[in-house]
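In what follows, a single structure is set out as structure tokens and then discussed.
Just so you know, residue 1 is the first one in the sequence shown, and it goes up from there.
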Amino acid sequence: MTGTHTEQTPVSVFGGPTALIEYRGLRFLTDPTFDAPGEYPRGNGHVLTKTAPAAVDPAELAPVDVVLLSHDQHPDNLDHSGRALLAGIPLVLTTRGGADRLGGTARGLAPWDTVELPCPDGGTLTVTATPAQHGPEGCEPVTGEVIGFVLTAPDLPTVYVSGDNASLDLVQQVADRFAPVDTAVLFSGAARTALLDGALLTLDSAQSAEAATILAARRVVPVHFDSWGHFTEGRTHLVDAFTAAGLLDRLEIAAA
């Protein structure tokens, strides 16, 4: 687990795409994945393999106020334990199709839709859904609908959660509306599978560093770079890429 609670916006990372963001008194959990290591058959002989357990038991996280679910179709973003967790969450923000499939407290958002949430201090914060592209141009029929999220509130720094996104053009669209971003939670493991002939399904390490520049991000917290076999770049690649870009001081990542 990594993260710091001396920050104005604490972020704790638990493996895979799963992180807890504390923002204006509310607790946001990204793409919950808490299963033990194992295999997930995906049809036509394709298998996704989870290689490491989460760094926390989901019961230890209570309360969680909101789940930010980039998409529900893939087990590396929502596994069996994650699905079970959703039943006890007051609000799940996800794609429109995902909300239809999940039911319960799931609310579907299209890119640039906003949701105003009341905060414990009596104020409000805004969640804005952002566009995401889970692979190369035209990938949607294979990989499906995906969104990211931006958290904003008066007098608080902006937080961006990329979701499974492989497009720097879409990062630029987010920057055009919200930069400078204080904290960017970037899905950064250079995910690749045979379904799209090994094309990037998420940002690689060098692109993550470029995204940090595009967003003018003060802090980058990478997720979705470990605990699954189809993540092709990990901690060392991220450190090397941010070092090469002169941005290592912006990278907040767990020790090896």
Take the angle between the ring planes of Trp228 and Phe231 and call it parallel below 30°, perpendicular above 60°, tilted in between.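 It falls in the tilted class, 30° to 60°.
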Donor-acceptor contact below 3.5 Å, side chain [X] vs main chain [Y]:
{"X": "Arg107", "Y": "Leu91", "result": "no"}
{"X": "Tyr160", "Y": "Val171", "result": "no"}
{"X": "Glu145", "Y": "Gly97", "result": "yes"}
{"X": "Arg27", "Y": "Pro63", "result": "yes"}
{"X": "Arg24", "Y": "Asp121", "result": "no"}
{"X": "Asp79", "Y": "Phe34", "result": "yes"}

### Task
Quick one: list whatever passes side-chain contact (heavy atoms from CB on, under 4.5 Å) with Gln207, sequence neighbours left out.
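side-chain contact (heavy atoms from CB on, under 4.5 Å) check on Gln207 returns Leu168, Leu200, Leu203, Asp204.
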Note to self: Applying side-chain contact (heavy atoms from CB on, under 4.5 Å), can you list everything that pairs with Thr51, at least two apart in sequence or on another chain?
What the structure shows: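 By the side-chain contact (heavy atoms from CB on, under 4.5 Å) rule, Thr51 matches Thr49.
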pair [X]-[Y]: side-chain heavy atoms closer than 4.5 Å:
{"X": "Thr130", "Y": "Leu170", "value": "no"}
{"X": "Trp112", "Y": "Thr128", "value": "yes"}
{"X": "Val223", "Y": "Thr30", "value": "no"}
{"X": "Val66", "Y": "Pro90", "value": "no"}

Could you grab the distance from atom [atom1] of [X] to atom [atom2] of [Y], nearest 0.5 Å is fine?
{"X": "Leu238", "Y": "Ile253", "atom1": "CG", "atom2": "CD1", "result": "4.5 Å"}
{"X": "Thr33", "Y": "His224", "atom1": "OG1", "atom2": "NE2", "result": "8.0 Å"}
{"X": "Ile214", "Y": "Asp169", "atom1": "CD1", "atom2": "CG", "result": "8.0 Å"}
{"X": "Leu156", "Y": "Leu125", "atom1": "CG", "atom2": "CG", "result": "8.5 Å"}

Validation row, ring centre His80 to ring centre Tyr40 under 6.0 Å: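 Here the rings of Tyr40 and His80 have centres that are less than 6.0 Å from each other.
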Next on the checklist: The test is side chain to side chain donor-acceptor pair (under 3.5 Å); show your working for Ser81 and Asp35 and say whether it passes.
Outcome noted: CA-CA 6 Å; Ser81 298; Asp35 286 355; 2.6 Å; yes
If you look at every heavy atom in [X] and [Y], which pair is closest and at what distance?
{"X": "Leu69", "Y": "Ile147", "answer": "O-CG1, 4.5 Å"}
{"X": "Ala209", "Y": "Ala241", "answer": "CB-O, 4.1 Å"}
{"X": "Asp76", "Y": "Pro17", "answer": "O-CG, 3.1 Å"}
{"X": "Ala216", "Y": "Arg250", "answer": "C-NH1, 4.2 Å"}
{"X": "Glu252", "Y": "Pro222", "answer": "O-CD, 3.2 Å"}

**Prompt:** Checking side chain to side chain donor-acceptor pair (under 3.5 Å) for the pair Asp31/Ser70: CA distance, chi angles, key distance, verdict?
**Reply:** CA-CA 7 Å; Asp31 290 14; Ser70 68; 2.7 Å; yes
Would you mind writing out the side-chain donor-acceptor pairs for residues 173-187 within the sub-3.5 Å range, not counting sequence neighbours?
unit_1, atom_1, unit_2, atom_2, d
Asp176, OD1, Gln172, NE2, 2.8
Asp182, OD1, Arg218, NE, 2.7
Asp182, OD2, Arg218, NH2, 3.1
Thr183, OG1, Arg219, NE, 3.1
Thr183, OG1, Arg219, NH2, 2.9

